[in-house]
Every structure is written in structure tokens, then in C-alpha cells.
Amino acid sequence: MDTAHAPAPDPVPTRPAPGHVDVWLVRPPLPGRPPADHRTPRPPGLSAAELRRAASFARPADRAAYATAHTALRQLLGGYLDRPPAALTFVREPCPGCAGPHGRPAVIQAGGGPPLHFSLAHSRGLIAVAVAPRVIGVDVERLPSPETVEACARALHPGEQAELAAAPSGERRAHFGRLWTRKEAYLKALGTGLSRHPRTDYLGSDLSRRPARWAVLDLPAGPEHAAAIAVPGDRPDHITVRWLPAELPYGEDVPYGEDTPYDEDAPYDEDAPGANPGGTATRSPRSGSTITRSSR
């Protein structure tokens with residue numbers, strides 16, 4: 001794997017070019033810490049509906065994770081669109097199944113301009129925001145326990161079930177994580193979510209059996225998580241994966257993608273969340289797309 005250092009970022013993100021995808025990762029507050037260590041992102045950027053949703057979670061860690069995810073989303077999209085995060089208005093596109101107002105989330109772009117699509121996902125310990133000039137879905141999942149894999153495998157496509165059963169026992173958690181994140185990313189990009197049964201579509205390792213005219217790719221997300229994106233049409237030419245600085249969702253005035261002392265290969269319960277210094281460019285044999293992993 002070739003290693004390259006990515007250039008320093010602009011103070012705010014610039015729109016991804018055609019054929020490019022930006023993925024941003026951020027660690028929410030760690031569960032199990034004393035309540036005093038659970039900082040809450042500054043609320044003015046969140047809408048009343050988002051604040052109500054955050055308050056509806058019973059566990060402090062879940063409230064903080066939701067608020068962090070949606071604050072980060074507003075900060076990033078505000079940077080891309082050159083608008084205050086609090087001024088953004090989100091809507092739902094029509095559902096592809098029933099045309100009801102519960103399809104893909106979208107942001108209203110004042111003044112027109114080229115489309116900017118996004119997708120948000122969060123799991124225990126990790127948040128992902130994907131941004132692209134075309135429809136996109138992203139998913140991230142913490143690797144499940146062997147018991148959860150066993151219980152949920154029956155929801156997979158029969159071909160995926162066969163691949164999972166054939167995987168070595170020590171690799172089944174990671175294999176299931178890859179299958180499930182590909183599936184959820186695809187269903188989110190499709191606009192149906194899990195209203196379309198997970199068993200319907202094959203997202204396993206045989207690319208020729210996957211949905212036609214869709215690209216579904218695995219992403220680097222550290223040793224404890226799996227992540228994937230899905231886009232309609234051709235595979236992206238370039239995917240940039242960056243770690244957001246831990247301070248950004250809390251309203252601190254720091255550049256996007258600034259270095260922080262997180263080691264991507266450390267376990268999730270490491271004390272220092274943040275970004276992985278340096279960058280790595282790889283050509284994935286599964287995707288044929290260049291993936292740059294960067295903290296800048």
C-alpha cells in the first residue's frame with residue numbers, strides 16, 4: 001500500500017468535483033465516562049426538532065452522540081454551502097415506493113447552484129457524513145457480537161448467508177459488518193431504507209450479482225467498525241476519508257480536518273479520540289477507485 005501525505009485543507013470544505021466523494025468521520029463522546037465528561041455540542045446550530053429528538057434519548061451518551069452527529073452535519077454542510085449552520089433547512093424527498101415525504105433527507109440550497117447530496121450515519125463510537133454531487137448513502141456499524149451475527153444472519157440475502165457461513169469463525173464479525181453496512185448504505189441511497197427487506201438485494205463479494213448500475217464500496221473505519229458508501233452509476237473516481245477534529249462539532253473555531261492525536265489502529269476505548277495523522281492513498285481491488293485517508 002502506497003503512502004502519501006494529503007495537502008493541508010482549506011479553512012472550509014470545497015464542493016467535491018464530479019466523480020469525487022467526501023467522507024467525514026468523527027468520534028462521539030465515549031460511553032461510560034462520568035457525566036461531567038459528556039460535553040454537549042452548542043445547541044444554537046440545531047433546530048427545535050433536532051433538540052427535541054436529542055432530548056428523547058434516555059441515555060446521556062445517546063443524547064450526546066445524536067447531538068454531535070447533527071451538529072457535525074450542519075457544520076460541514078454550512079461550510080460546503082457557505083451558509084450559517086443554523087440557517088440550513090432540511091427536507092425529505094418523496095419516497096420511491098409510495099411518494100410520501102419520507103425518502104432521502106436533503107438540504108434546501110438557496111440561490112440554486114449544483115446539487116449537493118449527503119448522507120449521515122452513526123453507530124456506537126463513530127459518526128460518518130458522506131457528501132457528493134450525486135445521490136449517496138453511507139452507513140457505519142460497530143462490529144457486532146458473535147451472538148448478534150448469529151441472530152441477524154437470517155435477515156441477509158441467501159447468497160450473503162452462504163458467504164457468511166463459509167467465512168472463518170474469527171472473521172465472521174467483520175464479514176457481517178461489511179455486508180450490513182453495504183446493504184444499509186445502498187438502501188439509504190435508494191431512498192427506501194429498511195422498508196425494503198434486507199434479504200431482497202445481494203451485496204456480497206461477487207460484484208456481478210450486485211444491483212446493476214450501482215457502486216457500493218467499503219470504507220476504512222478502524223478496527224472496531226465497518227463502513228460503506230453507495231452511489232448510483234459509475235464508481236467514484238476518488239473518495240477522500242477525513243477525521244473531523246473532536247472540537248469542531250462542539251463549536252470550536254478550528255480548521256476542518258486539523259490533526260489531532262488519534263491513532264486509527266487503536267481500539268475504540270482509547271482515551272484520545274481525534275484524527276489519524278498523515279494520509280494513505282490506496283487503490284482498492286474491489287472498487288478500482290482511489291481512496292485517500294487523511295486527517296487534513
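Quick note: residue numbers are just sequence positions, from 1. Computed from heavy atoms alone, side chains included, the values below leave out hydrogens, waters and symmetry copies.
For the pair R15 and L116, the minimum side-chain heavy-atom distance is below 4.5 Å.
Legend: residues meeting ring-ring contact (aromatic ring centres under 6.0 Å, His included) with H157, ordered by chain and number and at least two apart, are Y202. Listed by chain and residue number, nothing satisfies the side chain to side chain contact (heavy atoms under 4.5 Å, CB included) test with D234 (two or more places apart in sequence, or in another chain).
Side-chain atoms of Y186 and D139 form no donor-acceptor pair, as typed in the model, at a separation below 3.5 Å. Between the side chains of S145 and T148, at least one donor-acceptor pair of N or O atoms lies under 3.5 Å. Side-chain contact annotation: S47 with E50, donor-acceptor N/O pair under 3.5 Å present.
Remark: R63 CZ to L51 CG distance equals 12.5 Å, nearest 0.5 Å. Here the CZ-CG distance, from F118 to D22, works out to 14.5 Å after rounding to the nearest 0.5 Å.
Within a 6.0 Å radius of CD in E93, more than 12 heavy atoms belonging to other residues, nucleotides or ligands are found.
R74 places a side-chain N or O within donor-acceptor distance of the main-chain N or O of P85, the cut-off being under 3.5 Å. With R27 contributing its side chain and G125 its backbone, the two residues share a donor-acceptor pair below 3.5 Å. Within the 3.5 Å criterion, the main-chain N or O of R142 finds a donor-acceptor partner in the side chain of S123.
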Give the C-alpha distance, both sets of side-chain angles, the deciding distance and a yes or no for salt bridge (Lys or Arg N to Asp or Glu O under 4.0 Å) between E150 and R172.
CA-CA 10 Å; E150 188 68 26; R172 294 191 77 208; 3.7 Å; yes

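The pair D201-K183 fails the salt-bridge criterion, with no side-chain N (NZ, NE, NH1 or NH2) lying under 4.0 Å from an Asp/Glu carboxylate O.
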